[in-house]
Asks: 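Okay, handing you the structure first.
A note on names: the letters A, B, ... follow the listed sequences, proteins ahead of strands, and every chain is numbered from 1.
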Protein chains: 2
Amino acid sequence: MPATARPKRSDAVRNEQSLLDAAAAVFVRSGVDAPVREIAREAGVGTGTIYRHFPARADLVVAVFQHQVDSLAAAGDDAVLRDWILQFADFLVTKHGLADAMASDRSGFERLHTEFVVRLEPVCARLLDAEVHAGRVRDDVRPLELMRAVGNLCIGAEGDDGYDARRMIEVLLAGMTSLDRG
Amino acid sequence: MPATARPKRSDAVRNEQSLLDAAAAVFVRSGVDAPVREIAREAGVGTGTIYRHFPARADLVVAVFQHQVDSLAAAGDDAVLRDWILQFADFLVTKHGLADAMASDRSGFERLHTEFVVRLEPVCARLLDAEVHAGRVRDDVRPLELMRAVGNLCIGAEGDDGYDARRMIEVLLAGMTSLDRG
DNA sequence: TTGCAAACGGAACAAAGTTCCGTTTATTCT
DNA sequence: AGAATAAACGGAACTTTGTTCCGTTTGCAA
C-alpha cells in the first residue's frame, strides 16, 4: 500500500505510446485482429511488452480508439437519435474488422463490447428516451439492444458483395418509428 | 478420365457418416467452431480423415445442416416473407455459433455464407418480390442484403444479456414495410 | 556509483488449423 | 485363397498465433 505510487519509468511510457501508434497503423492495414507479433514488430518491442501494457486485445483496441469513442459520445450532445446512430455505424464501418470484433466472443474480445458500451450506452439511452417520450419511436427496444443490432448490421460492410450496412440501418430505424407492434 | 468411377470404399462411406453424426453432436455441445480434434475424437477417426472428406470447415457445416436448409427452402413454398424470415432466423439462432460463422471471414468459413445463400436466396427473392409487387414492402433492398442483415441480427442471440434477436428482426421487418424513403 | 526493482525481449509453451507419409484396408482379379 | 493395387487411414509433423515466463537490461533514487 504505497503512500506515493511510483510513476511509470520513461521507457515504459515511451513503449506504451509506441504500441498505440503501431496498433493504430496495423489496425488500418490488417484489421483489429492483426497478429500480436505484427503489432510488436511495428512498434519495435517484444510481444511480452504488449501484454504488459494491454493484458487483452480489447484493452489495446479500446485504447487506440478512445478519442474517437469520446468524440462520438460528445456528438450525442447535439444530435437526434437517427443521426447519432448513423455516426455510431460510420465509426464501426470505417474501422477494419471492428464491427465483427464487437460482436465476437473470441478470446481477447470478450470485453470489447462492454468497454465501448459503458461509454456510449448512456448517450444512446438519452437520445432514445427523448424519441420515446415524444411518441416518435417504439418503446420496447432497450438502448443496449439497439446498439448491438446496429453494430451487427455493420458486419460485412467491407465486403465486395455490395452489402450496404447504412441502408439496412436506415431500414431498422424506420422500423423503430413503427409504433404498431402487431 | 475414368469411364466408370470407382465407388467409395465401404470404410470411407462409413467414416463420412460417422463424421457427420459426430459433428452434429459436437456442434450442439461446443458450437460450429469446435476444434477439429474434438470432432475427430467424437467420430473415432484421425484428423486427416476430416480434411479428406471435408476440405474446409464450411463443407462440414453445410453437410451437417443440409437437411434443415432444404426444409427451410421448401417451407418457402407455403410462406409469406415475414414468416419465412423468422424461420430463417430461428434456424440460425438455434445452431450454436452459426450466425457468427455465417458473418465471419475467418479461415474455413469464407464460403459458408455463399453455400447457404445459393440455396436460400432464390426463395427469399421470390417472397420479397411478391411483397414488393403488392406494394407492401420497400423495393430498395435486395434479397441477399435482407438475408445478410437478418443473419447479422442473429449474432449474440445466445448471450446472457437479454439481446432478443427476434425482436430486432421484427423491427427490421417493420422497417421494410415503411415505404417512405425520406 | 550502487542497489533495487520495473520493464524488457523473445524463447518456451499451448492450442488448434492443416499437411503429409508410412501403414492399413478394401477391392478386384486370378 | 492369395496377390496386387491404390484408396483411405491415423496421427506426427508442421505452421500460425495467443500467451506466459525468466534471464537480462534499464531507469531511477539514494
Asks: Hey, mind stepping through B:Leu98 and B:Leu112 against side chain to side chain contact (heavy atoms under 4.5 Å, CB included) and telling me if it holds?
Replies: CA-CA 10 Å; B:Leu98 184 58; B:Leu112 189 58; 4.0 Å; yes
Asks: At under 4.0 Å, does any side-chain N or O of B:Ser10 touch on OP1 or OP2 of C:dT27?
Replies: yes
Asks: Do any of residues 12-28 of chain A sit with a heavy atom less than 4.0 Å from DNA chain C, and if so which?
Replies: A:Ala12, A:Asn15
Asks: Mind checking what makes side-chain contact (heavy atoms from CB on, under 4.5 Å) contact with B:Ala43, not counting sequence neighbours?
Replies: B:Ser18, B:Leu19, B:Ala22, B:Val45
Asks: Roughly how far apart are B:Asn15 CG and B:Lys8 NZ, rounded to 0.5 Å?
Replies: 9.5 Å
Asks: Could you list the protein-to-nucleotides 28-30 of chain C atom pairs, N/O on both sides, closer than 3.5 Å?
Replies:
none

Asks: Quick one: which of C:dA7, C:dC20, D:dA7 gets closest to the side chain of A:Asp11?
Replies: C:dA7
Asks: Rounded to whole angstrom units, what separation is found between the CD1 atom of B:Ile50 and the C1' atom of C:dC20?
Replies: 16 Å
Asks: Any donor-acceptor pair under 3.5 Å linking the side-chain atoms of B:Asp83 with those of B:Gln87?
Replies: no
Asks: Indicate yes or no: does B:Glu38 engage B:Arg29 in a salt bridge with an N to O separation below 4.0 Å.
Replies: yes
Asks: In whole angstrom, what separates B:Lys8's NZ from D:dA7's P?
Replies: 13 Å
Asks: Using whole Å, what does the distance between atom P of nucleotide C:dG10 and atom CZ of A:Arg52 come to?
Replies: 12 Å
Asks: Any protein N or O atoms within reach of nucleotides 16-19 of chain D? Criterion: under 3.5 Å, listing atom names and distances.
Replies:
residue	atom	partner	partner atom	Å
D:dG18	OP1	A:Arg57	NH2	3.3
D:dG18	OP2	A:Val36	N	2.9
D:dG18	N7	A:Arg37	NH1	3.0
D:dG18	O6	A:Arg37	NH2	3.1
D:dT19	OP1	A:Ser107	OG	3.3
D:dT19	OP2	A:Tyr51	OH	3.1

Asks: Looking at A:Glu170 and A:Arg82, is there a salt bridge between them, counting it only when a charged N and a carboxylate O are closer than 4.0 Å?
Replies: yes
Asks: Who passes side-chain hydrogen bond (donor to acceptor under 3.5 Å, both in side chains) against A:Asp164, sequence neighbours left out?
Replies: none
Asks: How long is the line joining CZ of A:Arg9 and C1' of D:dG27, in whole Å?
Replies: 4 Å
Asks: Whole-Å distance between C:dG17 C1' and B:Arg41 CZ?
Replies: 15 Å
Asks: Do B:Ile169 and B:Cys154 have side chains that get closer than 4.5 Å, going by heavy atoms?
Replies: yes
Asks: Please report the distance, rounded to the nearest Å, between NE2 in A:His53 and C1' in C:dA7.
Replies: 7 Å
Asks: Please tabulate, for side-chain N and O atoms in residues 59-68 of chain A, each donor-acceptor pair with protein atoms closer than 3.5 Å (sequence neighbours left out).
Replies:
residue	atom	partner	partner atom	Å
A:Asp59	OD1	A:Arg111	NH2	2.4
A:Asp59	OD2	A:Ala56	N	2.8
A:Gln68	OE1	A:Lys95	NZ	3.1

Asks: With a 3.5 Å distance limit and no angle check, can you tell me whether A:Arg37 reaches the backbone of A:Gly46 through a side-chain donor-acceptor pair?
Replies: no
Asks: Are the side chain of A:Asp139 and the backbone of A:Val132 linked by a donor-acceptor contact shorter than 3.5 Å?
Replies: no
